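Everything below concerns the one structure shown next.
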Amino acid sequence: MTTSGLPRTVHVRAPGKLNVFLKVGAVLDDGYHDVATAYQAVSLYEDVYATAASDFSVSFGGHIDTAGLETDGSNLAIRAARLLARRTGYREGVRLHVDKNVPIAGGMGGGSADAAATLLACDTLWGTDVGRDELLTLASELGADVPFAFTGGTAVGTGRGDQLSPALAKGQFHWVLVIPPNGLSTPEVYHELDRHRERHAQDIFPSRGQPVVDSDVLQALRAGDPHMLAESLHNDLQAASLHLDPSLSGILELGEANGALAGIVSGSGPTVAFLAADIDSALELQVALSAARHEAVRVTGPVAGARVIAD
């Protein structure tokens with residue numbers, strides 16, 4: 001309890017992510033695909049508020065429609081809190097409230113950001129003090145993108161995407177995101193990629209060994225050069241996302257016709273990320289996309305990972 005007699009609340013903010021590069025390899029034994037990706041955390045955030053309670057619950061607010069989100073034990077934030085409680089022997093619960101801004105089922109890791117923020121919020125609230133390394137281990141158990149939401153910045157992810165290596169990034173990149181009204185299921189997009197590869201097995205040169213992130217991408221990030229990065233953007237899942245939602249092709253064409261250096265489907269989609277040369281170009285692109293009645297959001301990256309906010 002606080003000195004005012006009210007339960008203490010901890011506020012943690014965690015960012016959404018873009019995959020500026022994503023190569024997908026073979027299916028691993030655990031059902032996940034072997035991937036190599038370059039992540040960039042961007043300034044679209046999830047805010048998690050954790051308050052002491054006797055059991056576990058979650059509610060949602062924010063600027064997007066959360067009506068379809070699960071609030072039972074299947075919710076990733078609840079799973080994160082329960083995992084930390086089990087690992088530390090904590091016997092009480094937590095009441096979570098999440099203000100969501102990252103699109104749901106949008107390929108930007110919103111649920112992963114919720115889980116990462118919950119781990120840090122509960123560790124702080126409960127005083128379990130497990131340490132950063134253990135929190136990252138727990139994050140990895142919850143999902144492939146959760147560790148990156150915890151660390152933020154720019155990183156290379158391998159394995160399922162959860163084996164992280166920091167990547168140098170200079171300056172700030174300006175992005176304009178188009179958020180379609182309907183989400184895409186990540187497992188379904190991966191399944192569509194597998195089906196595409198099976199259909200075209202004779203035409204696709206078989207990949208050998210583990211996928212790797214192209215050096216051109218890492219060089220562009222180190223240089224802080226948006227023109228160089230635009231030439232290096234790549235996503236193996238994009239074709240599958242476009243097949244499941246053909247309207248994304250028109251969005252990509254519209255953005256590139258209105259000044260974007262390049263456009264890419266983020267992760268499993270359907271969010272489309274357009275890279276702009278600078279802030280003025282990003283503003284002009286946002287106006288043009290909004291005029292075409294798309295939900296267009298301007299963000300920058302890289303930004304920090306999950307952190308406690310002093311309200």
Side-chain angles (χ1 to χ4, degrees), residues 15-24 35-44 102-110 145 154 169 171-184 186 189 192-193 196 213-214 216-221 223-303:
K17 57 83 182 172
L18 298 177
N19 298 84
V20 300
F21 183 92
L22 178 59
K23 281 275 191 183
V24 179
V35 305
T37 187
Y39 290 113
Q40 184 167 103
V42 295
S43 57
L44 194 61
V102 178
I104 298 168
M108 291 190 65
D145 292 337
T154 305
Q172 194 174 64
F173 292 90
H174 296 272
W175 301 89
V176 178
L177 311 177
V178 170
I179 303 171
N182 299 313
L184 284 174
T186 296
V189 174
E192 178 59 27
L193 174 65
H196 172 78
V213 174
D214 285 357
D216 289 351
V217 175
L218 301 178
Q219 184 179 351
L221 292 168
D225 187 332
H227 296 272
M228 190 184 303
L229 183 60
E231 295 292 327
S232 308
L233 297 177
H234 176 81
N235 181 4
D236 273 358
L237 292 177
Q238 181 161 306
S241 298
L242 294 179
H243 189 265
L244 292 171
D245 186 351
S247 70
L248 300 180
S249 295
I251 295 172
L252 284 163
E253 292 172 4
L254 181 65
E256 292 178 357
N258 280 276
L261 298 178
I264 190 171
V265 173
S266 178
S268 57
T271 301
V272 178
F274 292 105
L275 181 58
D278 50 38
I279 187 170
D280 290 335
S281 299
L283 284 165
E284 291 175 5
L285 177 59
Q286 182 185 25
V287 169
L289 291 167
S290 297
R293 299 189 176 183
H294 291 294
E295 182 181 356
V297 180
R298 187 167 46 84
V299 299
T300 58
V303 298

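Just so it is clear, the values below take in all heavy atoms, side chains as well, and ignore hydrogens, waters and symmetry mates. If you read the sequence from its start, that first residue is 1, and numbering goes on from there. Computed from a prediction, not measured in an experiment: that's the story for all the values here.
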Practice task
Mark yes when over 12 heavy atoms from residues, nucleotides or ligands other than E231 sit less than 6.0 Å from its CD; otherwise mark no.
Solution key: no
Practice task
Please answer whether the main-chain N or O of V20 pairs with a side-chain N or O of N235 as donor and acceptor at a distance below 3.5 Å.
Solution key: no
Practice task
Considering non-hydrogen atoms only, spot the tightest contact between P103 and L44 and give its length.
Solution key: CD-CD2, 3.8 Å
Problem - Donor-acceptor contact below 3.5 Å, side chain E256 vs main chain G263 - result: yes
Handout entry: Heavy-atom closest contact (T271 atom, G106 atom, distance)
Key = OG1-O, 2.8 Å
Handout entry: D145 and K17: CA distance, side-chain angles, deciding distance, side-chain contact (heavy atoms from CB on, under 4.5 Å) verdict
Key = CA-CA 9 Å; D145 292 337; K17 57 83 182 172; 3.4 Å; yes
Exercise for the section: For residues S247 and L242, determine if any side-chain heavy atom of one lies less than 4.5 Å from a side-chain heavy atom of the other. Expected result: no
Exercise for the section: Apply the test side-chain contact (heavy atoms from CB on, under 4.5 Å) to residues H227 and L261: give CA-CA distance (whole Å), side-chain angles for both, the deciding distance (0.1 Å), then the verdict. Expected result: CA-CA 7 Å; H227 296 272; L261 298 178; 3.7 Å; yes
Exercise for the section: Step through the shown structure and confirm whether more than 12 heavy atoms of other residues, nucleotides or ligands are within 6.0 Å of NE2 on H243. Expected result: no
Practice task
Please tell me if the side chains of T37 and K23 come closer than 4.5 Å, counting only heavy atoms from C-beta onward.
Solution key: no
Handout entry: For L233 against A262, the heavy-atom pair lying closest together
Key = CD1-CB, 3.8 Å
Practice task
Any chance you could lay out the side-chain contact (heavy atoms from CB on, under 4.5 Å) test for T300 and V42, step after step, and finish with the verdict?
Solution key: CA-CA 5 Å; T300 58; V42 295; over 6 Å; no
Practice task
Without swapping roles, check the side chain of D214 against the backbone of V217 for a donor-acceptor pair under 3.5 Å.
Solution key: no
Exercise for the section: Could you check if a side-chain atom of V176 sits within less than 4.5 angstrom of a side-chain atom of L289, using non-hydrogen atoms only? Expected result: yes
Problem - Any L221 side-chain heavy atom under 4.5 Å of F21 side chain - result: no
Exercise for the section: Please round to the nearest 0.5 Å and tell me the distance separating atom CD1 of I264 and atom CG of L22. Expected result: 8.0 Å
Fill in the blank from the handout: Paired with L177, the side-chain contact (heavy atoms from CB on, under 4.5 Å) test is passed by just one of E295, H294, M108, namely M108
Practice task
Any chance you could lay out the side-chain contact (heavy atoms from CB on, under 4.5 Å) test for L184 and S268, step after step, and finish with the verdict?
Solution key: CA-CA 7 Å; L184 284 174; S268 57; 5.7 Å; no
Exercise for the section: Could you check if a side-chain atom of Y39 sits within less than 4.5 angstrom of a side-chain atom of T154, using non-hydrogen atoms only? Expected result: no
Practice task
Grab the two heavy atoms, one from P270 and one from A105, that are nearest each other, plus how far apart they are.
Solution key: CD-O, 3.1 Å
Problem - Minimum side-chain heavy-atom gap Q40-F173 below 4.5 Å - result: yes
Practice task
Indicate yes or no: at least one non-hydrogen side-chain atom of L248 is less than 4.5 angstrom from one of S241.
Solution key: yes
Practice task
Taking the side chain as every heavy atom from C-beta outward, state whether L229 and L275 have any pair of such atoms under 4.5 Å apart.
Solution key: yes
Problem - Flag, side chain of D278 to backbone of S281, donor-acceptor distance under 3.5 Å - result: yes
Exercise for the section: Check A240 against V189 and note the closest heavy-atom contact, atom names and distance. Expected result: CB-O, 3.6 Å
Practice task
Mind listing the closest non-hydrogen atom pair of P15 and V303 along with its distance?
Solution key: CB-CG2, 3.8 Å
